[in-house]
Visitor: 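Okay, handing you the structure first.
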Amino acid sequence: MNKNIESILKLSLSKLRGKRRFKLKGKCLNEQDITCIIDGQLSESERVKYFEHVLSCIKCAESLKDHLLVMNVIYKKGMLETPEAIVQAA
């Protein structure tokens with residue numbers, strides 16, 4: 001799991017689960033947004049925008065955490081295989 005994303009999630013979840021209230025920033029993330037975050041396909045400004053929202057929204061922080069946990073298991077268990085065409089080209 002990307003250590004920067006993991007650190008941000010730990011911080012946001014610990015603060016959001018506390019008694020402090022945060023003003024929600026931006027719109028909630030959809031599946032495509034989460035995939036782009038995980039795959040590192042965001043510009044700096046997009047990354048800042050999404051993480052500001054994640055830091056203010058427990059629902060999105062939990063969703064991103066769950067996706068990262070699933071991806072971590074998939075990679076550790078070797079459940080993703082390299083497509084044969086890529087293997088042949090290498």
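Just so we're clear, the structure is a prediction, and the values are computed from it rather than from any experiment.
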Visitor: Applying side-chain contact (heavy atoms from CB on, under 4.5 Å), can you list everything that pairs with V48, at least two apart in sequence or on another chain?
Guide: E44, E52

Visitor: Applying side-chain hydrogen bond (donor to acceptor under 3.5 Å, both in side chains), name anything that partners Q32, two or more places apart in sequence or on another chain.
Guide: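 For Q32 there are no side-chain hydrogen bond (donor to acceptor under 3.5 Å, both in side chains) partners, ignoring immediate neighbours.
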
Visitor: Do the non-hydrogen side-chain atoms of I38 and H67 ever get within less than 4.5 Å of each other?
Guide: yes

Visitor: Of all residues at least two apart in sequence or in a different chain, which pass the salt bridge (Lys or Arg N to Asp or Glu O under 4.0 Å) check with K27?
Guide: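 Checked K27 against salt bridge (Lys or Arg N to Asp or Glu O under 4.0 Å); matches are D33.
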
Visitor: Applying side chain to side chain contact (heavy atoms under 4.5 Å, CB included), run through L64 and F51 and close with a yes or a no.
Guide: CA-CA 10 Å; L64 182 56; F51 282 118; 4.0 Å; yes

Visitor: Does S43 have any side-chain hydrogen bond (donor to acceptor under 3.5 Å, both in side chains) partners at least two apart in sequence or in another chain, and if so, which?
Guide: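 Residues passing side-chain hydrogen bond (donor to acceptor under 3.5 Å, both in side chains) with S43: S45, E46.
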
Visitor: With a 4.5 Å cut-off on side-chain heavy atoms, are I34 and Y50 touching?
Guide: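 No, side chains not in contact.
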
Visitor: Any donor and acceptor pair, going by atom type alone, linking the side chain of T35 with main-chain N or O of E31 inside 3.5 Å?
Guide: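 A pair under 3.5 Å: yes.
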
Visitor: Rounded to the nearest 0.5 Å, how far apart are SG of C60 and CG of N30?
Guide: 9.5 Å

Visitor: Please report the closest heavy-atom contact between H53 and C28, naming both atoms and the distance.
Guide: NE2-CA, 3.3 Å

